[in-house]
Participant: 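So that we are looking at the same thing, I have put the structure below in structure tokens.
As the structure lists them, so they are numbered: ligands from 1, and atoms in each ligand from 1. As the structure is a prediction and not an experimental result, all values here were calculated from the model. For this chain, numbers begin at 1 and follow the sequence in order.
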Amino acid sequence: MAQILAPSPQWQMRVSKNLMDVGPLTPKMWSSLVLKQSKKGAIKTSSKFKVYALQSENGTVNRVEQLLNLDVTPYTDKIIAEYIWIGGSGTDVRSKSKTISKPVEHPSELPKWNYDGSSTGQAPGEDSEVILYPQAIFKDPFRGGNNILVICDTYTPAGEPIPTNKRYRAAQIFSNPKVIAEVPWFGIEQEYTLLQTNVKWPLGWPAGGYPGPQGPYYCGAGADKIFGRDISDALYKACLYAGINISGTNGEVMPGQWEFQVGPSVGIEAGDHIWCARYLLERITEQAGVVLTLDPKPIEGDWNGAGCHTNYSTKSMREDGGYEKIKKAILSLSLRHKDHISAYGEGNERRLTGKHETADINTFSWGVANRGCSIRVGRDTEKNGKGYLEDRRPASNMDPYVVTSLLAETTILWEPTLEAEALAAQKIALKV
Ligand code: ADP
Ligand code: MN
Ligand code: MN
Ligand code: MN
């Protein structure tokens, strides 16, 4: 913990004083800001951090650090459970802490809880109680010990799922016997962008300006190419500690943009794990004084957007003859393209332009090894005659409960009419 990087509080205070109520920054304002800072000898860019515990002058922070790291297990059986839920925007994660009398292993051992939904845009003030149902637990990498993170979903006091509770419907789909029998696997590639605090401009980018064009950054190394590796790495370890099924990370095409992958995970678990990983990422960026955005196109122009490619397979796609099942699934997906697009994230039309490794939002397409298609099938899958498909359409801010359950619904539960099937077969065959 002592090594967690944090921005100089001095720097943060100066900036916030200077930026109070001034609206968006113009390049001119930026340069005057930077000038003022260097005159005072403050740290010039937000990619510079200092370590609190090592540099604190009066030792106060060290003593707080000691308390944060205190192992309380010899003194009490009690643990701290951080209850986590999705707020009113459908993308914000919220949490609060609760003392539990003893360590637990399963969410069913935990009590329901509640919060003020009028403060999260989820309930009117006069009847503001929203009830939290614990659904999945993870080890808490921040508090350590037996302390836990609890992924919850949200209900009215009468027991109805509230509108932003997308997990409820997903859990219904994933508990359908036909879906269970197909053991749906998901591998989700969560892309995200790191921004400098206060200015909402990507980490490592020159103040008010742009870095050199894309090319050297993807999976790169070096101080002129990679910004925020500590955050990506801290997230990696935090996920492994927590029990999240993280499968890898990489630096992205746009500098300051990163990706981590979760999976393959079965059914509803994929959504629980992505949401918990997003929560960890919010907490880690909070400590580092960096702002996380899941906007699908954070910077306009010749810069890659951020997606959440969803790799998907069913049992029959993974078995011999699976390639035929994959093609059938692609056909169904082509027929429900609009339904999927409307559930794949806000602002995705700014990202799915047909450029920057995306397909046009209005046109369904698929191809082997083609990154400009809606659906990509890997070379290995084609060669082996079985495997999985990659849905490249979901945006970085998509709700994984929605996307995973819709994929299962369309490809396992939904059946096109014969005419529609024949028509679509012609149409998508032409596009390949
Ligand atoms: P890309 O080449 O598109 O960058 P990644 O390696 O980033 O792909 O992510 C691929 C994801 O797909 C990983 O999370 C991986 O675990 C997952 N995956 C692998 N096999 C399957 C499968 N059969 N079904 C679903 N997901 C899978
Ligand atoms: Mn990837
Ligand atoms: Mn990527
Ligand atoms: Mn991908």
Participant: At a cut-off of 2.8 Å, list the protein N/O/S atoms near the Mn ion (ligand 3), residue plus atom name.
Facilitator: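 Metal shell, protein only: Glu191 OE2, Glu252 OE2, Glu259 OE1.
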Participant: Between the Mn ion (ligand 4) and Glu390, which N, O or S atom of the residue is the nearest one?
Facilitator: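 Per the distance ranking, Glu390 contributes OE2 as its closest N/O/S atom to the Mn ion (ligand 4).
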Participant: Atom CD of residue position Gln214 - does it have more than 12 heavy atoms of other residues, nucleotides or ligands inside 6.0 Å?
Facilitator: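 Yes - once you tally the heavy atoms of other residues, nucleotides and ligands closer than 6.0 Å, there are more than 12.
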Participant: Using the ring centroid of each side chain, check whether Trp85 and Tyr115 are separated by less than 6.0 Å.
Facilitator: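 Yes: the rings meet the under 6.0 Å criterion.
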Participant: For Tyr236, does the OH atom sit with more than 12 other heavy atoms under 6.0 Å from it, leaving out its own atoms?
Facilitator: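 Above 12, so yes.
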Participant: Between Arg169 and Glu409, does any side-chain N to carboxylate O distance fall below 4.0 Å?
Facilitator: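 Salt bridge present between Arg169 and Glu409.
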Participant: Can you confirm whether more than 12 heavy atoms, excluding those of Lys315, are under 6.0 Å from its NZ atom?
Facilitator: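 Counting other residues, nucleotides and ligands, NZ of Lys315 stays at 12 neighbours or fewer.
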Participant: OH of Tyr241: more than 12 outside heavy atoms within 6.0 angstrom?
Facilitator: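 Counting neighbours around OH of Tyr241, more than 12 heavy atoms of other residues, nucleotides or ligands fall under 6.0 Å, so yes.
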